[in-house]
Asks: 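Let me give you the structure first, and then I'll get to my questions.
Heavy atoms only: backbone and side chains are in, while hydrogens, waters and symmetry mates are out. So that the names make sense, note that chain A is the first sequence line, chain B the second, and so on, each numbered from 1.
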Amino acid sequence: MDSSSPVALRTAADEPGSGDVTIVRSEAIGRTAPGSGSRRWQRARRASVPYLFLAPFLVGFAVFMIFPLIYAFDLSLYRTKIVGGKSFVGLENYAKVLGDSSFWEGVRNVLTFGLIQIPIMLGVALIAALLLDSVVIRGKTIFRLGFFLPFAVPSVVAALMWGYMYGQAFGPIAQISRAVGITPPEFLTSGTIIPALANISTWQFAGYNMLIMFAALQAIPHELYEAARVDGASGIQVATRVKIPLIGPAIVLTAIFSVIGTLQLFNEPSVLRAVSPTIIPPNFTPNLYVYNLAFTNRQFDYAAAVSFGLALVTAVLSSLVLFVVYRRQSLR
Amino acid sequence: MRRRTSRTAFTALALLGLSLSACGQAVSPSPAASAPASTAPGASPAASAAGPATEITFWSWVPGIGDQVAEFNASHPDIKVNHESAQAGNAEYTALGTALQTGVGVPDLVQIEYQHLPGFISRGDLANLAELGAGDVKDQFVEWTVAQASQGDGIYAYPQDAGPMIMMCNKTLLDKYGVAVPTTWDEFTKAAATLHAADKNVYLTNFTADQGHFFGLLWQSGARPFTVDGQNIKIDFTSPEVTRVAKLWGDLMNSGNMSPLDTYTNDWNAALANQTIACWTAGAWGPSLIESAAPDLKGNWQVYPMPQWDASKPINGNYGGSTIAVTKASTHPKEAETFARWLNTDPKITLDLTGGNANLFPVTKATLSNPEWSGAKAEFWGGQETHKVMADGANQVDVSFGWSPFTGFVYTTYAEELTNVRAGNITFEQAMQNVQEKSTAYAKEQGFTVQE
């Protein structure tokens, strides 16, 4: 019975002439009155109510997150040899991760990718959000939808689509180039593969980040704009001096999400590997490496250790972004 | 701030957990684990008439093999084979590995490619068919195919099909530029230069990055990258036979006389169709790919033997093909062996499997020399008796070539090194040196004794 909630009782009882409620109250008191032991029981029960509501989530969280994590961690402490079978090796797999050039090469690739892609994508998203928020644009809904649409395309499909666009024979870019008599640019080469992938991710996720920033912009009280205009600020000044600082937390959020997303890069290189196997190695990104360790080499235990290594790198980088951002803010 | 950081870290860990749990699902044995697959309508009455038949499970990814399973079930009332279509290659091995580890849903019979057999043999996953009488039929197979499935005195699988290497060339295109079809690798390199010099848009060939292709080339050079004897292993990626293959393709890449396109891509198909790539070396299954890529060039293409390193001592390699093994966990190894033997040695069945959807390349001497198969005139190939060229190639495959028990690792490492070669960071020979070092370290880590 929820009527045992003290808050509910008090508000109900404060209402004049609510006889029914009084009865409920007396019932509640009557039920819990005798002894201090049952008061403790009542308190415990009261405290347990939030957890009861949280239970469905907590169960799911334990089954689908905590348990796999423990399982994976347990796995990472063993090594299964072809000759000699499974044995406990403690943190040996982790020591191996530290010296694994294949892993760090992948980390280096995603970092390079992130350094190029994240600023461009967030820049595009911010400009688009500011434009949509400004008064000068007509047909905002269409633009907003159109810009967001690539996010609805599954990343595997997006990669296939861009793989076709980048193609040297059938790709529209190559065909147009040939039609106008210039050598078609090559997109899938060792030197251009990271920008080519960055382009796909930017196309896909700029709209999503734009939407987060746009939502934050909508929440800014209009009095601030009026005040700025009274002070003689131009449209651009309003954007740079009022809007951007106020949606700072939203931008930080998108940056963190992007860092995490970047380190998890998998689908796009995995799909493009089929069309350029000599350009994208099986350890191109840490996730791709983990996948190959587990499903090609059948090294599930080491794959688990590398996964935790990747998680650690992700945690460190995310903290670093937060640290840099907040430090700069406190200095200002 | 601190709270948020830790939450972010936790989110990252949680995401990781999610992806791992997703992996766990993917690993679980094939979705059809309990569903009895294609059983012929005619099979069940026969089986029920003779009382309860022994049921065995068979994993295969050969399209249309259910027909042969049905035929077996009809003619063998005491055994009922349940065919479960598996996903090709790694996907099946992953499912098999999980089944073996947990002991749940292990099939009695399983399709395994040649290069992955040693891994399963070393782990003790496969039954020794020699103990079930495989010695009686082993001479019916082309020698090297049995050698691939053997270790010591044991025979761990029956060869099902193979991919002896051949070279396919657009003869009309080569003729147009007056380039003779190369018969040696020396001529091959020269032809690549001549052709590209004659027309800068035309190339003799491109590089096939697929690992099986490169190891087929090593095989064809007489290289022995791995020699396995129980827990002892010898690794050799620095022999002259390996080095000359690496150097040839590395030089071709740098010379600009080879198309930079990757095999099996749309661009590659287009290049075959618009006649900018003239030749392709592949397994004997290659012709169907040319036929579908360049249907308009019917009559222009021909099948040739592989170019040789030493024309006086022709050697061939293999690229593709599978075996049928009986698992050690099988509770009916005798029945399983009966089916595997029947499927891979019965003259009618092995001939049937060369056609239809299966389209397998035969590995029994009888079928290879069966005029019904070997005398077939290939319409697309200008009526050429292509099977004769392939059969000759099959008989020249080096018997002594062996794989490591960790082909997955070797393949991944090779692919990694290849991208470095392609990026110009290292030479192809250096890549081989790296494969040597990494494989050696891995073999030791996996408990093998590596002979230096």
Side-chain angles (χ1 to χ4, degrees), chain A residues 61 64-69 71-72 79 81-85 102 105 164 167-171 186 189-191 256 260 263-264 266 274-284 287 290-300 303-304 307-308 310-312 314-316 318-319 322-323 326, chain B residues 1 4-6 8-21 23-24 26-27 90-91 93-94 97 119 122-123 207 209-210 231 260-271 274 405-406 408-409 411-413 415-425 445-449:
Chain A
F61 189 68
F64 297 111
M65 300 237 175
I66 305 291
F67 172 71
L69 277 177
Y71 182 84
R79 179 170 298 166
K81 295 181 179 182
I82 298 173
V83 178
S102 296
E105 224 170 86
Y164 160 74
Q168 286 291 295
F170 297 119
E186 284 188 59
T189 68
S190 306
I256 296 286
I260 295 172
L263 288 156
Q264 304 280 339
F266 177 80
V275 293
S276 46
T278 54
I279 304 300
I280 301 177
N283 64 327
F284 189 74
N287 255 352
V290 169
Y291 176 82
N292 268 291
L293 282 173
F295 298 116
T296 310
N297 302 5
R298 283 172 67 188
Q299 288 176 278
F300 290 102
S307 304
F308 277 99
L310 173 61
L312 198 71
T314 311
V316 167
S318 312
S319 329
L322 283 171
F323 180 76
Y326 282 95
Chain B
M1 169 189 161
R4 242 169 110 173
T5 313
S6 64
T8 313
F10 194 70
T11 313
L13 285 165
L15 281 171
L16 172 83
L18 246 189
S19 67
L20 280 172
S21 65
C23 293
V27 178
N90 277 333
Y93 308 139
T94 305
S122 289
R123 286 187 173 92
F207 185 71
D210 188 29
Q231 299 182 6
L261 295 180
D262 277 304
T263 310
Y264 311 123
T265 60
N266 285 336
D267 284 353
W268 178 73
N269 283 329
N274 67 25
F406 39 83
F409 175 84
Y411 272 19
T412 311
T413 307
E416 237 178 271
E417 295 300 329
L418 184 62
T419 57
N420 283 324
V421 174
R422 190 67 193 270
N425 300 333
E445 191 189 290
Q446 290 295 318
F448 290 93
T449 309

Asks: For each of A:L293, A:N283, A:V316, tally heavy-atom pairs with chain B at distances under 4.5 Å, and name the one with the top tally.
Replies: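 Ranked by contacts with chain B, first place is A:N283.
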Asks: Please identify each residue that fulfils ring pair (Phe, Tyr, Trp, His ring centres under 6.0 Å) with B:Y264, with sequence neighbours left out.
Replies: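 Ring pair (Phe, Tyr, Trp, His ring centres under 6.0 Å) check on B:Y264 returns B:W268, B:W280.
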Asks: For A:T296 and B:N90, which heavy atoms make the closest approach, and how far apart are they?
Replies: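 Closest approach of A:T296 to B:N90, heavy atoms only: CG2-ND2, 3.7 Å.
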Asks: Not counting sequence neighbours, which residues clear salt bridge (Lys or Arg N to Asp or Glu O under 4.0 Å) with B:E416? List them please.
Replies: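 Scan of B:E416 (salt bridge (Lys or Arg N to Asp or Glu O under 4.0 Å), adjacent residues dropped) gives B:K438.
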Asks: Check whether A:E186 gets within reach of chain B through its side chain, its backbone, both or neither, counting any heavy atom under 4.5 Å.
Replies: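 For A:E186, there is no contact with chain B at all, as no heavy atom is under 4.5 Å.
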Asks: Does any heavy atom of chain B fall under 4.5 Å from the side chain of A:I280, the backbone, both, or neither of them?
Replies: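 Contact with chain B involves the backbone of A:I280 alone.
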Asks: Top residue by heavy-atom pair count (under 4.5 Å) with chain B, among A:A274, A:G171, A:G85, A:P281?
Replies: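 Top count of heavy-atom pairs under 4.5 Å with chain B: A:P281.
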Asks: Where does A:S102 contact chain B at under 4.5 Å (heavy atoms): side chain, backbone, both or neither?
Replies: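 Both the backbone and the side chain of A:S102 come within 4.5 Å of chain B.
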Asks: Determine whether a donor-acceptor pair (N or O, by modelled atom type, separation under 3.5 Å) exists between the side chain of B:D267 and the backbone of A:G167.
Replies: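 Checked: no pair found.
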Asks: Please state whether the side chain, the backbone, both or neither of B:E445 comes within less than 4.5 Å of a heavy atom of chain A.
Replies: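 B:E445 touches chain A through backbone and side-chain heavy atoms alike.
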Asks: Could you tell me which of A:N297, A:T278, A:N292, A:I279 has the largest number of non-hydrogen atom pairs under 4.5 Å with chain B?
Replies: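 So the answer, after comparing A:N297, A:T278, A:N292, A:I279, is A:T278.
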Asks: Contact part of B:T265 toward chain A, heavy-atom cut-off under 4.5 Å: side chain, backbone, both or neither?
Replies: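 Contact with chain A: side chain only.
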Asks: Testing the basics here: between B:P405 and A:I82, what is the closest heavy-atom pair and its distance to 0.1 Å?
Replies: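 Nearest pair, atom of B:P405 first, then A:I82: O-CD1, 3.5 Å.
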Asks: Mind ranking B:N274, B:T413, B:L418, B:T412 by heavy-atom pairs under 4.5 Å with chain A and telling me who comes out on top?
Replies: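 Of the options given, most contacts go to B:T412.
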Asks: Between B:N420, B:N266, B:N269, B:D210, which shows the greatest number of heavy-atom pairs under 4.5 Å with chain A?
Replies: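 Option with the greatest count: B:N266.
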Asks: Under a 3.5 Å threshold, yes or no: a donor from one side chain and an acceptor from the other, between A:Q264 and A:N287?
Replies: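 Indeed, the side chains of A:Q264 and A:N287 share at least one donor-acceptor pair under 3.5 Å.
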Asks: I'd like to know which of A:Q168, A:E105, A:R298 tops the heavy-atom pair count under 4.5 Å against chain B.
Replies: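 So the answer, after comparing A:Q168, A:E105, A:R298, is A:R298.
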Asks: So with a 6.0 Å cut-off around CD of B:Q231, is the heavy-atom count from everything else above 12?
Replies: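 Check fails, neighbour count at 12 or below.
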Asks: Looking at B:R422 and B:P260, would you say the former's side chain and the latter's main chain have a donor-acceptor pair under 3.5 Å?
Replies: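 Checking the backbone N and O of B:P260 against the side chain of B:R422, a donor-acceptor pair under 3.5 Å is found.
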